[in-house]
Number of protein chains: 2
Amino acid sequence: MAAQVGTDAEPVARTPLSRDRVLRTAVAVADEGGLDAVTMRGVAEALGVEAMSLYHHVANKEAMLDGTVDVVLTEIMAVVAPLEPPDRPAAWKDTMRSRILAAREVLLRHPWAPTVIESRTSISPLVAVWMDGILGLFRVGGLSWDLSHHAMHALGSRALGFNQELFQPDDAADAADVDLLDEMAEHLPNIVGMLQEVVHDDPDSTLGWCDDQAEFEFGLDLLLDGLDRLCSPD
Amino acid sequence: MAAQVGTDAEPVARTPLSRDRVLRTAVAVADEGGLDAVTMRGVAEALGVEAMSLYHHVANKEAMLDGTVDVVLTEIMAVVAPLEPPDRPAAWKDTMRSRILAAREVLLRHPWAPTVIESRTSISPLVAVWMDGILGLFRVGGLSWDLSHHAMHALGSRALGFNQELFQPDDAADAADVDLLDEMAEHLPNIVGMLQEVVHDDPDSTLGWCDDQAEFEFGLDLLLDGLDRLCSPD
DNA sequence: ACCTGAACACCGTTCAAGT
DNA sequence: ACCTGAACACCGTTCAAGT
C-alpha cells in the first residue's frame, strides 16, 4: 500500500510474476553473482517476492536451471539467425565456424552457463534444435550420417562454443611465478620448459599467456579440418 | 568402552582417523552413492565418526574434494606406470593413446570424478604431473613447444580420458522412441534422419546406440592424427 | 592431541493459510 | 489464482567443551 502512495494504482509498479520473468531474473542473478548466487531465496529477493512464490512458475530449482539454459539458447539463436547459410557444400566449415563462434560470444557473457548446461540430466529441446542445425551442416558438407554422428560426439561441447579446460588460466599464471620454476622443474620438466620458452620469446609476458579464444579456435579448426579430410580424402 | 567388552583393547577395533582414511572413504561414498552422497555428515557416518571430526584432517569440504582427485590420480598413475615408454619418436601417438585409455578405464570406475576434476578452482599437483607427462610425449613426437601447448588445450579433458557430452546416452535412447519420431521430425529433421538410418541399418537396435568408448576413441584419434599432421606435413 | 555436542546461518521444499 | 509465513529436513561450518 505504502508503495502506491503518491502514484495511482498503475499496473507498472507491481509487474505480475511469470515463468519468463523468473527465468530472466535467474539469468541476471547468475551473471552478476555467479552460480552460487542462484538460490530460490536469492532469485526471489531480486524479484521483490518470497521464495515460495517461485514454485508457482517453476516446479523446483532444477527446472529453473533448465529454464536458464533455454534463455541462453534463445539468445544464441537470435544472434545466429541472421547469419548466411552455406551457399555451396564446401562452405559448410565456414558456416559452422561462424555459428559456433557466435554462440561462444554469447556464452562468454554468461560464464556460468557451460556448467549448468553440462549438469542437466535431461536434454534441453533448444539444445537439441541447435545440435540438429550443426548436424545439418555436416550433411551439407557431404558427411555420411555415420560420420556426422561421430562428428557430433567429437565436437562435444565445442558444438555450442565452449570447452571446459583442466588448466584454469589464472592457475597457470600463478604457477608461472618465476621463483617457483626451479622448484617445479624437478616434477614438471616439460611444463617448466614450455613456460621458459614463453619467457624467452616474450620477456614482458605476464605469463597469463593462454589466449582462450585462440586456443578454442585452434581446437575447433583441428577437429573440423580432420573431419573434412575424413570426408573427402585426397 | 562398551565396544571393547569381550575383546581386549586391541588397536584393530578403532583405527584412528587420518587424512588418507577420510579421502579414501569420501571416494568410496561417491562410488556408491554418487556426488550428492558426499557430504561431511555422510562421509563421517561411513567412518563411524562425527562430522566435525573430519575438520581435523581436511580444511573443509572443498579440500576434501581436492583430495579425492588426488586419490583417483594416484590410482591412474599406478595403472599407467608399468606401460612401456615410446621406443622411437613415431611411437608417441600409440603411447599417448595407451596412457589416456588406461586413465579412462580408471575414471569409468569413478563416474563422479570428471565433474569434481572440472569443478576444482586450483589445479591439483598430480593433474599437473599428468599433463607434464602428456606434454613430454608431444615433445618426443617432435612437436614444438608452441604446438605442444596448443595441443594440450585442444585435448582438454580428453588428456585425462574423459569428455563431457551434451547428449546423454540415456536421453538419446528415450528421444528415439519411434512413436515420437514423426513429432520430432518437424523441428529436428537431421537428428530424426540419423536415427532412422540407425534403425534401417540395425532394426533390432535398442537405439541406445552411442558406444561411448568408440566415440571417445574416434575423437581422440581425430585430434592426435590432426596434430601429427601439423607436425610432420607430407 | 583428537574427538564431540550444541548451535548458527544457510539451503530446497511442503503445507496450511491468507487474499 | 496467486502469494505468503511458519516449519521441516537437510547442508557446511564454528566454537567451546570434553577426554
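Below, chain A is the first sequence line, B the second, and so on; all start at residue 1.
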Length of the CG-C1' vector between B/Leu47 and C/dT4, whole Å: 15 Å
Non-neighbouring partners of A/Phe162 that pass ring-ring contact (aromatic ring centres under 6.0 Å, His included), sequence neighbours left out: none
Gap between atoms CD and P, on A/Glu50 and D/dT4 respectively (whole Å): 5 Å
Residues that A/Asp20 engages under salt bridge (charged side-chain N to carboxylate O under 4.0 Å, His left out), provided they are two or more places apart: A/Arg24
Per-nucleotide protein contact string for nucleotides 7-19 of chain D, where B marks a base within reach and S marks sugar-phosphate only (heavy atoms under 4.0 Å, - for neither): B---BBBB-----
Qualifying residues under ring-ring contact (aromatic ring centres under 6.0 Å, His included), relative to A/Trp145, sequence neighbours excluded: none
Side-chain N or O of A/His57 closer than 4.0 Å to phosphate OP1/OP2 of D/dC2: no
Minimum heavy-atom distance between B/Asp132 and A/Ile191, given as atom pair plus value: OD1-N, 2.6 Å
Partner set under salt bridge (charged side-chain N to carboxylate O under 4.0 Å, His left out) for A/Glu45, not counting sequence neighbours: none
Under the 3.5 Å Watson-Crick or G-U criterion, the dot-bracket string of DNA chain C, with | for inter-strand pairs: ||.|||||...|||||.||
Distance-only polar pair, side chains of B/His149 and A/Glu197, donor-acceptor under 3.5 Å: no
Side chain to side chain contact (heavy atoms under 4.5 Å, CB included) partner of A/Glu75, the single match among A/Val106, A/Asp70, A/Val27: A/Val106
Side-chain donor or acceptor of A/Arg21 paired with backbone N/O of A/Pro16 under 3.5 Å: yes
